[in-house]
Protein chains: 2
Amino acid sequence: MAILAGNPAHLLASIDLFSQISLHDLDKIALNATQHEYKKNEYLFHQGDPARRFCVLVTGKVKLTQLTEDGQQIILRYVSPGEAFAVIAVLSKIPYPVTATAVNQVSLLSWEDQKMLELMHQYPQLAINSLSILATRIQEFQDRFREIATERVERRIARALLRLASQTGRKLEHGILIDISLTRQDLAEMTGTTLYTVSRTLSQWEKDGLVSSQREQVTILSPHKLVVLAEDMSR
Amino acid sequence: MAILAGNPAHLLASIDLFSQISLHDLDKIALNATQHEYKKNEYLFHQGDPARRFCVLVTGKVKLTQLTEDGQQIILRYVSPGEAFAVIAVLSKIPYPVTATAVNQVSLLSWEDQKMLELMHQYPQLAINSLSILATRIQEFQDRFREIATERVERRIARALLRLASQTGRKLEHGILIDISLTRQDLAEMTGTTLYTVSRTLSQWEKDGLVSSQREQVTILSPHKLVVLAEDMSR
DNA sequence: CGCCTTATTGAAACCCCTCAAATTCAGTGG
DNA sequence: CCACTGAATTTGAGGGGTTTCAATAAGGCG
């Protein structure tokens with residue numbers, strides 16, 4: 001809830017959204033931001049809420065999910081520190097199309113939507129940076145759309161794990177631990193399958209020495225073999 | 001290839017990308033645009049080409065496709081007049097991630113990428129408009145991602161037809177004609193299935209009086225029943 | 001310890017893909 | 001005008017990847 005403490009402009013400077021903006025301007029932009037904290041599993045906002053704030057994650061992880069009409073849930077993506085989210089709703093003036101949940105202890109900066117629009121008029125670079133962020137995100141969705149449209153479940157799970165590893169992987173001596181609480185159900189909702197199929201797949205991979213999985217936790221033992229699974233073109 | 005003839009600023013004024021920009025400014029923006037024409041089935045650019053131009057479709061339809069590593073093709077979307085495309089590549093400074101094909105006779109306006117960036121700095125509203133366009137597009141992709149991840153083929157085909165009808169539908173006395181050349185293969189590439197399944201589905205729908213399909217052409221006879229198929233929640 | 005959530009595993013059903021073959025259709029050139 | 005050709009479409013048969021359902025096991029937490 002507090003206005004930025006410490007050295008606000010420097011905090012912003014390392015974030016993509018604010019690249020190529022002078023420290024002087026960042027100071028003014030930072031003045032309009034408020035800081036929020038959330039505990040693990042707390043909701044930041046719900047799908048359908050009016051979109052009021054433009055958010056940038058500072059620490060922690062945020063999960064963005066969408067509920068289908070018949071009650072199924074899917075995970076759209078995980079947000080990492082430095083990334084902006086809730087950009088879409090603010091810009092298109094519609095309710096939040098997703099639900100945001102704190103995966104762990106989260107701290108974020110946010111701007112009131114109208115204020116952010118003013119700032120973009122004042123500092124066009126801010127709008128242009130947002131554009132390239134959204135552009136990248138569209139491309140990611142196009143890729144995932146292609147994947148889910150053309151690929152088998154096993155490969156999609158492999159890709160999901162690799163993506164997670166690159167975002168939140170922690171290197172251990174025997175492999176890469178995906179360092180968030182991650183259920184089979186979560187993986188299923190990311191890849192468009194069922195928790196049963198995920199469980200079977202992980203069991204098989206465990207036998208093959210590809211991964212080691214515990215409750216709500218996966219460690220990749222052989223990234224290389226997983227990449228082969230994800231990329232290999234021999235059907 | 002010609003610089004805009006006729007009344008350039010007015011031509012732009014009705015396009016989303018240029019909303020809330022004064023005619024005076026539009027005149028200057030128009031000065032930097034060039035106009036191109038393409039014949040049916042001609043390629044505007046290929047996936048992998050360096051991205052140089054920011055395009056707005058004036059007349060006709062453009063199909064955006066993506067090729068997978070193993071040679072499968074998917075259709076990402078159809079572009080209608082007034083819509084911008086190739087936005088992503090220019091903004092993120094990567095090669096075109098898609099191939100653009102003229103579905104019929106096409107005329108478009110384009111701006112050189114560097115020039116468009118300058119214009120966005122000069123007229124921030126231009127960047128902000130682009131943002132809300134991209135925001136809408138991401139949402140569309142999120143929705144389609146959810147669909148393809150959670151829904152059965154029949155429903156996905158129903159949705160695809162309804163979307164096409166709203167974009168390029170021509171009202172006839174007995175139904176809505178989807179007014180572009182549209183093969184079973186095309187529908188399959190839009191919905192992540194095979195042309196065989198599309199063919200079977202359309203055959204069944206034809207028996208049920210939902211649609212009437214000929215070669216490369218589909219007419220929706222009962223939009224209402226199709227909506228029920230697309231939206232009905234009883235599994 | 002008992003409870004609730006998460007995960008595993010088997011069996012059956014089924015949706016959809018794959019392959020093959022036949023058919024229809026539009027365009028082309030004789 | 002019609003045979004010829006290649007593309008688009010249809011339809012059947014078979015198989016396989018996934019889902020679904022059910023039952024059991026394993027972990028974490030009060």
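Each chain gets a letter, A, B and so on, in the order the sequences are listed, and its residues count up from 1. Here the structure is a predicted model, which means the values were calculated and not measured.
- An OP1 or OP2 oxygen of dT19(D) is reached within less than 4.0 angstrom by a side-chain nitrogen or oxygen of T194(A).
- Using bins of under 30°, 30° to 60° and over 60° for the plane-to-plane angle, the ring pair H46(A)/Y43(A) lands in the tilted bin.
- With the nearest nucleotide of DNA chain C identified for both E154(B) and L202(A), L202(A) has the one nearer the 5' end.
- A straight line from CZ of R184(A) to C1' of dA25(D) spans 14 Å, rounded to a whole angstrom.
- One interatomic measurement links the two molecules: OH of Y196(B) to C1' of dT11(D), which rounds to 11 Å at whole-angstrom precision.
- Among the heavy atoms of the strands lying under 4.0 Å from S203(B) are primed sugar atoms or P, OP1, OP2 only; no base atom is included.
- Protein atom CD of E216(A) is 17 Å distant from nucleotide atom P of dC4(C), rounded to whole Å.
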For side-chain contact (heavy atoms from CB on, under 4.5 Å), just list the numbers for R144(B) and R163(B), CA-CA rounded to whole Å, side-chain angles, deciding distance to a tenth of an Å, and then say yes or no. CA-CA 11 Å; R144(B) 288 181 62 196; R163(B) 246 191 298 262; 3.8 Å; yes
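- Using a 4.0 Å heavy-atom distance criterion, R215(B) is classed as a base contact.
- Residue T197(B) has a polar side-chain atom (N or O) positioned under 4.0 Å from OP1 or OP2 of dC17(C).
- Remark: S199(A) is not in phosphate contact with dT6(C), judged by side-chain N or O atoms under 4.0 Å from OP1 or OP2.
- Nucleic acid contact class of T183(A) (heavy atoms, under 4.0 Å, all strands): sugar-phosphate only.
- Not a single donor-acceptor pair under 3.5 Å links the side chain of R184(B) to the backbone N or O of V198(B).
- S181(A) and E216(A) are linked by a side-chain donor-acceptor pair at a separation below 3.5 angstrom, with hydrogens and angles left out of the test.
- Rounded to whole Å, the distance from CG on N41(B) to P on dA8(D) is 10 Å.
- Nearest to the side chain of V153(B), among dC16(C), dA8(D), dA7(C), sits dC16(C).
- Counting to the nearest Å, the P atom of dC16(C) and the CG atom of L187(B) are 15 Å from each other.
- Between E151(A) atom CD and dC17(C) atom P there is a gap of 15 Å when expressed in whole angstrom units.
- Side-chain atoms of Q72(A) and E189(A) include no donor-acceptor pair closer than 3.5 Å.
- Using a 4.0 Å heavy-atom distance criterion, R200(B) is classed as a base contact.
- Taking atom CD of residue E189(B) and atom C1' of nucleotide dT9(D), one finds them 15 Å apart after rounding to whole Å.
- In this structure, the CD atom of Q214(A) is 13 Å from the C1' atom of dT6(C), given to the nearest Å.
- The R152(A) side chain lies nearest to dC17(C) when the options are dT8(C), dC17(C), dT10(D).
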